[in-house]
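Everything numeric here is computed off the predicted structure, so don't read it as measured data. Proteins come first, then strands; the chains are lettered A, B, ... in the order of their sequence lines, and each starts at number 1.
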Amino acid sequence: MLLKLKQDLKKSVHNAFPTARGIEMEDSAIIINPTKKEFDGDYTFVVFPLVKALRNSPQNIADAIGKEIVSFSEYVVDYNVVQGFLNLSLSSKYWQELLQEVADEQFGVKPSVGQKMMVEFSSPNTNKPLHLGHIRNILLGWSMSQIAEANGFDVIKSQIINDRGIAVCKSMMSWQMFANGATPQSENIKGDHFVGGYYVKFEQAFQEEYRAWQVGDGQAVLNEHKKENEDADAFFKRYKNTYFNEYSVIGVKTKEMLLKWEASDPEVKALWEKMNGWVYEGFEETYKALGVTFDSINYESETYLLGKETVEKGIESGIFYKKDDGSVWIDLEDAGMDHKIVLRSDGTSVYMTQDLGTAQMRYAEHGIDSMVYTVADEQDYHFKVLFEILKRLGEPYADKLFHLSYGMVDLTTGKMKSREGTVVDADDLVADVAQAAKDSSTERGGLEGMSEEEKDAIYHKIGLAALKYFIIKINPRKRMTFDPNASVDMQGTTGPYIQNAYVRIQSVLRKVKQAGFEQVPFEGQISYETLDRELLVMMASYPIVLEEALEKYDPSVVASFCYNLAKNFHRYYHDNVILDAENAVVSSYRIYLATSIAQILKKGMKLLGIEMPDYM
RNA sequence: GGUUCCGUAGCUCAGCUGGAUAGAGCAGCUCACUUCUAAUGAGCAGGUCCCAGGUUCGAAUCCUGGCGGGAUCACCA
């Protein structure tokens, strides 16, 4: 309908100003916005861009166009001009047709664009459980994948799991030393938490060992290696890695384990597989609670070798160069970056090496056209470099890579730091929000007569809606502060507020059914009041919102849309009786309208990974 | 220091490729439930859009330069 309006507008410009025929007027060049509340009208056309070409005053231009469009368009009944803004009032025919359009279940569904897009998100390490940072990542990535799908892309949701390396070996070593054969089953602990616990234990044991060394043998090293004016604390902080690699008993043992792993030592590999298996079971549970799934998983243990091959080939073709010490680099100075290492002097791979291999493996497996990496903004530079290297390697998808970069999550008490134990655990968080939802729900008593199971499912939906919306409503680029109290807030700009709009409609629809009303598409005649028109205008913008969210890689666009629609509906609901309106025609219209609103709210929220309950 | 992101009400945030008098929510103060779910609605109050220039019919928005904050510039991932 918006398109038809634009066409009429274009036609009237051309009719009113024959000299303008030559002027190109793309649909996108015709700017029409919903009219601001202070003025009369539904849509506003800004004529300023035409002033120069038509060599006339804004007032005259707007007036002429207005007169013209009213004369022939069946959709425009009136107009007024305020300072070069042409405000158009639309006919009930327009609203009638628009209502049919937005009520269609297929409204907003885009045809396939025939493109495969991979969206990577979550991407955890196997040495600790998921935390709040992962949650922001997962919500963004998941939502982006849904938005791409809604825009007609064939989407592959993917994660890369960092399942190898020294950190993973630390948990393994620690388990060997301290566990006495304990398992998640025997201890009744979720697998990822179980393994994470041994990682923590390792760090504690290492710190203890390091402290003991500092007051013993370490003194000699201190005196020999410390810089002038450097105190012991500063020195030992700086020296930690060297100590780990050269002096630490458990450090050296862990490094040996890593070497054995790389040499495919059967015993080490068996332990590795067992412990990672525990972790994956734990992750699976968390993903399930969050309502996310993946189509494809890559493991770094399976891609890093391919990355090394790529580098070897790239040396031959002159993309990379080898230094005397054997390390391999790439010179990116002509692209405004610096020299970057891609292979260590001992031949082992770095982060970049693995990412090269992963990208190639993904292309080989899925033939993707484009790729979105959901990774925190601390890695902006890494991805800039990665994309440049892939371009130089001549990868066919290289100019369709996007780093969905997002700001880190802070706590009201400051940064999350694993060393200081301030990390907010994902599983705890989910449990907390469900509990908060339960508390407020119980207080309100809207779920009486339901089974405990049904109630719990609803608490979960509400709690998760609060948590997810709290995070996803914020523009990804921005660093965000996570306030646990605000995250379980259920009033105002929140997930539950939007759910409530939906639930209110469901409640009405249940009453409709009870009353024996038959729900059919509304085709009667009514007069569309201000709020009716505002709601319709808003719903009409849904497809545009989807496109915008995709273009900007920003789910928060969808989040604000849903909130605004819910907000307008709440007001509408307050001011208008749906079921017992002044007459049956108006009632059936309002039922139809409300049904459409519910439909769009549900679709929109689904893109954010938020489900709608029927009761709350 | 180089690069980059951010800076809007007491707090948390919107503000689309420049458009009319800068908007929400929270917190504060009022008011409205025997009524389709009050997890709601209505109202009051709250602003140097970080600062200074520039571009033009018009700048929170674009450009330049500052100021403040984050990130990054590893043979870590």
Side-chain angles (χ1 to χ4, degrees), chain A residues 28 31 33 35-36 38-39 44 46 48-49 51-52 57-58 82-85 87 125 162 165-167 241 300 323 325-329 336-338 340-352 354-355 376-382 384 405 407-408 410 415 437 440-441 443-446 462 466 470 473-475 477-481 483 485-486 489-501 503-512 515 541 544-545 548 551-552 556-557 559-560 563-564 567 569-581 590-591 594 615-616:
Chain A
S28 59
I31 303 168
N33 296 314
T35 302
K36 299 229 168 194
E38 307 87 81
F39 303 94
T44 298
V46 184
F48 286 104
V51 168
K52 256 185 195 161
S57 75
V82 183
Q83 296 171 29
F85 292 88
N87 301 319
N125 299 348
N162 182 6
I166 194 74
N241 269 335
E300 283 188 355
K323 280 192 182 174
D325 63 3
S327 58
V328 180
W329 298 72
M337 290 171 253
D338 54 12
K340 197 80 193 170
I341 189 161
V342 291
L343 217 53
R344 293 195 189 98
S345 53
D346 62 1
T348 58
S349 65
V350 291
Y351 186 31
M352 192 64 72
Q354 296 167 11
D355 275 2
D377 63 6
E378 58 185 351
Q379 293 188 31
D380 284 355
Y381 185 66
H382 171 79
K384 219 180 139 192
S405 167
M408 307 284 275
D410 290 321
K415 289 187 188 180
S440 13
S441 178
E443 217 172 275
R444 293 184 171 87
I462 298 172
F470 181 74
K473 73 177 175 183
I474 296 170
N475 185 319
R477 267 198 316 281
K478 290 193 175 176
R479 211 179 165 88
M480 71 167 288
T481 305
D483 178 348
N485 295 322
D489 219 328
M490 316 223 166
Q491 278 150 22
T493 320
T494 67
Y497 173 93
I498 300 167
Q499 287 179 321
N500 184 232
V503 166
R504 282 175 138 183
I505 296 171
Q506 297 317 304
S507 178
V508 172
L509 295 182
R510 284 191 292 270
K511 295 263 159 50
V512 166
S541 71
I544 301 166
V545 167
E548 193 189 335
E551 259 167 51
K552 293 164 83 176
S556 73
V557 171
S560 346
Y563 170 73
N564 286 324
K567 183 181 162 63
F569 173 74
H570 274 307
R571 188 141 47 94
Y572 189 86
Y573 180 88
H574 183 267
D575 295 349
N576 300 281
V577 179
I578 296 172
L579 209 43
D580 290 311
R590 287 182 183 161
I591 290 164
Y615 300 82
M616 67 191 291

Undergrad: Looking only at side-chain atoms of A:Lys415, point me to the closest of B:rA39, B:rG70, B:rC26.
TA: B:rG70
Undergrad: Taking the side chain of A:Asn500 as heavy atoms from C-beta outward, which of B:rG25, B:rU40, B:rU4 is closest to it?
TA: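 Of the candidates, B:rU40 comes closest.
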Undergrad: In whole Å, what separates the C1' atom of B:rG1 from that of B:rG53?
TA: 26 Å
Undergrad: Measure from CZ on A:Arg479 to P on B:rU12 and round the result to the nearest Å.
TA: 14 Å
Undergrad: What contact category does A:Gln379 fall into here, base, sugar-phosphate, or nothing, at under 4.0 angstrom with non-hydrogen atoms?
TA: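 Result for A:Gln379 = base.
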Undergrad: Should A:Lys478 be listed as having a side-chain N or O under 4.0 Å from OP1 or OP2 of B:rG69?
TA: no
Undergrad: If we take the C1' atom in both B:rU12 and B:rG2, what is their distance in whole Å?
TA: 33 Å
Undergrad: So what's B:rG46 paired with, Watson-Crick or G-U wobble, going by both distances under 3.5 Å?
TA: none
Undergrad: Kindly say if A:Lys567 contacts the phosphate of B:rG25, meaning a side-chain N or O under 4.0 Å from OP1 or OP2.
TA: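 Yes, A:Lys567 has a side-chain N/O under 4.0 Å of OP1/OP2 on B:rG25.
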Undergrad: Are A:Arg477 and B:rC6 close enough that a side-chain N or O sits under 4.0 Å from OP1 or OP2?
TA: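 The answer is yes; a side-chain N or O of A:Arg477 sits under 4.0 Å from OP1 or OP2.
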Undergrad: From C-beta outward on A:Tyr563, which listed nucleotide comes closest to its side chain: B:rG25, B:rC16, B:rC36?
TA: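 Comparing B:rG25, B:rC16, B:rC36 against the side chain of A:Tyr563, the answer is B:rG25.
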Undergrad: Sticking with atom C1', work out how far B:rC57 lies from B:rG10, rounded to a whole angstrom.
TA: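 38 Å, rounded to whole Å.
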Undergrad: For A:Asp410 and B:rC11, what is the distance between atoms CG and P respectively, to the nearest whole Å?
TA: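 Interatomic distance, CG of A:Asp410 to P of B:rC11: 16 Å.
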Undergrad: Ignoring hydrogens and angles, are the base of B:rA39 and the side chain of A:Thr494 linked by a donor-acceptor pair under 3.5 Å?
TA: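 Checked by distance alone, the answer is no.
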Undergrad: Output the single nucleotide from B:rA39, B:rU72, B:rA77 whose closest atom is nearest the side chain of A:Tyr381.
TA: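 Selected nucleotide: B:rU72.
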Undergrad: Report which part of the nucleic acid A:Val350 touches: base, sugar-phosphate, or nothing (heavy-atom distance under 4.0 Å, all strands).
TA: sugar-phosphate
Undergrad: Would you please determine if the base of B:rA20 is stacked by A:Phe39, with stacking meaning a centroid separation under 5.5 angstrom and planes under 30 degrees?
TA: yes
Undergrad: Would you measure the distance from the P atom in B:rG7 across to the matching atom in B:rA14 and give it in whole Å?
TA: 8 Å
Undergrad: Looking at B:rU35, which nucleotide sits across from it as a Watson-Crick or G-U wobble partner, both distances under 3.5 angstrom, or is there none?
TA: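 Base-paired to nothing in any strand shown.
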Undergrad: What I want to check is whether an N or O donor and acceptor connect the side chain of A:Asn33 with the base of B:rA20 at under 3.5 Å.
TA: no
Undergrad: Looking at every strand, decide which applies to A:Gln491 at a 4.0 Å heavy-atom threshold: base, sugar-phosphate, or nothing.
TA: sugar-phosphate
Undergrad: If we take the P atom in both B:rA22 and B:rA9, what is their distance in whole Å?
TA: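 Per the computed distance, 15 Å lies between those P atoms.
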Undergrad: Watson-Crick or G-U wobble partner for B:rU72, using a 3.5 Å limit on both distances?
TA: B:rG2
Undergrad: Within the 4.0 Å heavy-atom criterion, would you say A:Met480 contacts the bases, only the backbone, or no part of the nucleic acid?
TA: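 Counting heavy atoms under 4.0 Å across all strands, the contact made by A:Met480 is with sugar-phosphate only.
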Undergrad: Any base atoms under 4.0 Å from A:Tyr497, or only sugar-phosphate, or nothing? Heavy atoms, all strands.
TA: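 Contact class for A:Tyr497: sugar-phosphate only.
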Undergrad: When rounded to the nearest Å, what value does the distance between C1' atoms of B:rA52 and B:rA59 take?
TA: 15 Å
Undergrad: Which one is paired to B:rU12, where only Watson-Crick or G-U wobble pairs with both distances under 3.5 angstrom count?
TA: B:rA24
Undergrad: Under 4.0 Å between any heavy atoms, over every strand shown, what does A:Asn87 touch: base, sugar-phosphate, or nothing? Just pick one.
TA: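 Base, at least one base heavy atom under 4.0 Å.
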Undergrad: Which value, in whole Å, describes the distance between the C1' atoms of nucleotides B:rC62 and B:rC49?
TA: 16 Å
Undergrad: Kindly say whether A:Ile544 contributes a backbone atom to a donor-acceptor pair with the side chain of A:Ser541 at under 3.5 angstrom?
TA: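 No, the answer is negative, given that no donor and acceptor are paired below the 3.5 Å cut-off.
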Undergrad: Between B:rA71 atom C1' and A:Lys384 atom NZ, what is the distance in whole Å?
TA: 14 Å
Undergrad: Name the closest nucleotide to the A:Phe48 side chain, picking from B:rC36, B:rG25, B:rG19.
TA: B:rG19
Undergrad: Would you indicate what A:Leu509 reaches in the nucleic acid, counting non-hydrogen atoms under 4.0 angstrom: base, sugar-phosphate, or nothing?
TA: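 Here A:Leu509 touches no strand at all.
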Undergrad: Any base atoms under 4.0 Å from A:Lys323, or only sugar-phosphate, or nothing? Heavy atoms, all strands.
TA: nothing
Undergrad: For the residue pair A:Asp489 and A:Thr494, confirm or rule out a side-chain donor-acceptor distance under 3.5 Å.
TA: no
Undergrad: Using a cut-off of 4.0 Å on non-hydrogen atoms, how would the nucleic acid contact of A:Glu300 be classed: base, sugar-phosphate, or nothing?
TA: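 Since only primed, P, OP1 and OP2 atoms lie under 4.0 Å of A:Glu300, the category is sugar-phosphate.
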Undergrad: Should A:Lys473 be listed as having a side-chain N or O under 4.0 Å from OP1 or OP2 of B:rC13?
TA: no
Undergrad: Between B:rA74, B:rA20, B:rA39, which one does the side chain of A:Ile341 approach most closely?
TA: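 Of all the options, the side chain of A:Ile341 is nearest to B:rA74.
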Undergrad: For B:rG70 versus B:rG65, give the span between their P atoms, rounded off to a whole number of Å.
TA: 22 Å
Undergrad: The side chain of A:Asn162 lies closest to which of these nucleotides: B:rC73, B:rA38, B:rA77?
TA: B:rA77
Undergrad: Would you mind pulling out the nucleotide paired to B:rU55, Watson-Crick or G-U wobble, both distances under 3.5 Å?
TA: none
Undergrad: Within the 4.0 Å heavy-atom criterion, would you say A:Asp338 contacts the bases, only the backbone, or no part of the nucleic acid?
TA: sugar-phosphate
Undergrad: Is the phosphate of B:rA42 approached by A:Arg571 (side-chain N or O, under 4.0 Å from OP1 or OP2)?
TA: yes
Undergrad: Could you give the CD-to-C1' distance, from A:Glu38 to B:rU21, as a whole number of Å?
TA: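 Taking CD of A:Glu38 and C1' of B:rU21, I get 7 Å after rounding.
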Undergrad: Students often get this wrong, so: under 4.0 angstrom with heavy atoms, is A:Asn475 touching a base, only sugar-phosphate, or nothing?
TA: sugar-phosphate
Undergrad: Heavy atoms from C-beta onward define the side chain here; which of B:rA39, B:rG41, B:rA71 lies closest to that of A:Glu378?
TA: B:rA71
Undergrad: What's A:Arg444 touching, base or sugar-phosphate or nothing? Going by heavy atoms closer than 4.0 Å.
TA: base
Undergrad: Hey, is CD on A:Glu443 packed in by over 12 heavy atoms from elsewhere, all under 6.0 Å?
TA: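 Not buried by this count: 12 neighbours or fewer within 6.0 Å.
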Undergrad: Pick base, sugar-phosphate or nothing for A:Ser556, based on heavy-atom distances below 4.0 Å to the nucleic acid.
TA: nothing
Undergrad: Checking all strands, does A:Asn576 fall into the base, sugar-phosphate, or nothing category for heavy-atom contacts under 4.0 angstrom?
TA: base
Undergrad: For A:Arg504 and A:Val82, take the nucleotide of RNA chain B holding the closest heavy atom to each; which residue's nucleotide lies nearer the 5' end?
TA: A:Val82
